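Treat the numbers as computed from the prediction; the structure is a model and nothing was measured. Throughout, residue positions are numbered sequentially from 1 according to the sequence presented.
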Amino acid sequence: VQLQASGGGSVQFGGSLRLSCAAVGREFRYYGSGWFRQAPGKEREFVAGLTWGGPATYYTASVKGRFTISRDDNKKIVYLQMNNLKPEDTAVYYCAAARRAPESLATIPTFPYEYHTWGQGTLVTVSS
């Protein structure tokens, strides 16, 4: 399976973008999917995640209430709706898929090593 991310672009402060991550290839059997981002000079950080078998979602604190992660079960696409964007949201955004649940008690994988398949990045730039 390959993950193809799209939807990045340049917006002004307060604007919106919707990122998409489509799974292409063999049968898709993953536990969960997530979005990460990496700003210049910073480590890759978790943004949002969901499970494919249920309604669970999880967000990092800085995007809660502004970003919404969702999925299309039939098309095997994961979306990240980003509203009220801020300059600090500027980063390359990556989608990823995890084959299994975290070994911890958490429902949603939040560490990069917990994800097994990654898409290419899509750049989001927010100007003030």
Going hydrophobic residue to hydrophobic residue with side-chain gaps under 4.5 angstrom, can you get from Phe67 over to Trp35?
yes
What's the spacing between Ile77 CD1 and Leu19 CG if we round to 0.5 Å?
13.0 Å
Whether the side chain of Arg71 engages the backbone of Trp52 through a donor-acceptor N/O pair (distance < 3.5 Å, no angle test) should be reported.
yes
When Thr60, Asp89, Thr90 are each screened for side-chain hydrogen bond (donor to acceptor under 3.5 Å, both in side chains) with Arg37, the one that passes is Asp89
When rounded to the nearest 0.5 Å, the distance separating CD of Gln12 from OG of Ser128 is 9.0 Å
Give a yes/no verdict on a cation-pi contact between Arg44 and Phe36, requiring under 6.0 Å between NZ or CZ and the six-membered ring centre and an angle within 45° of the axis.
no
Taking the side chain from Tyr59 and the backbone from Ile69, do they hold a donor-acceptor pair closer than 3.5 Å?
yes
Please indicate whether Gln120 has more than 12 foreign heavy atoms, meaning atoms of other residues, nucleotides or ligands, lying under 6.0 Å from its CD.
yes
Roughly how far, to the nearest 0.5 Å, is NZ of Lys76 from OH of Tyr30?
12.5 Å
Would you give the length of the straight line joining atom CD of Gln4 to atom OG of Ser20, rounded to the nearest 0.5 angstrom?
11.5 Å
Would you kindly confirm whether Val11 and Val63 end up in one hydrophobic cluster when ILVMFWY residues are joined by side chain heavy atoms under 4.5 Å apart?
yes
Any chance the side chains of Thr110 and Tyr58 put a donor and an acceptor closer than 3.5 Å?
no
Value for CD1 (Ile108) from OG1 (Thr51), rounded to nearest 0.5 Å, stands at 5.0 Å
Less than 3.5 Å apart, any donor N or O on the side chain of Tyr31 or Arg100 sitting next to an acceptor on the other?
no
Is it the case that atom CD in Glu88 sees more than 12 heavy atoms from other parts of the structure closer than 6.0 Å?
yes
Atom CD of residue position Glu45 - does it have more than 12 heavy atoms of other residues, nucleotides or ligands inside 6.0 Å?
yes
Hey, which of Leu17, Thr68, Val47 is the one that makes side chain to side chain contact (heavy atoms under 4.5 Å, CB included) with Leu80?
Val47
Which value, rounded to the nearest 0.5 Å, describes the distance between Tyr94 atom OH and Cys21 atom SG?
13.0 Å
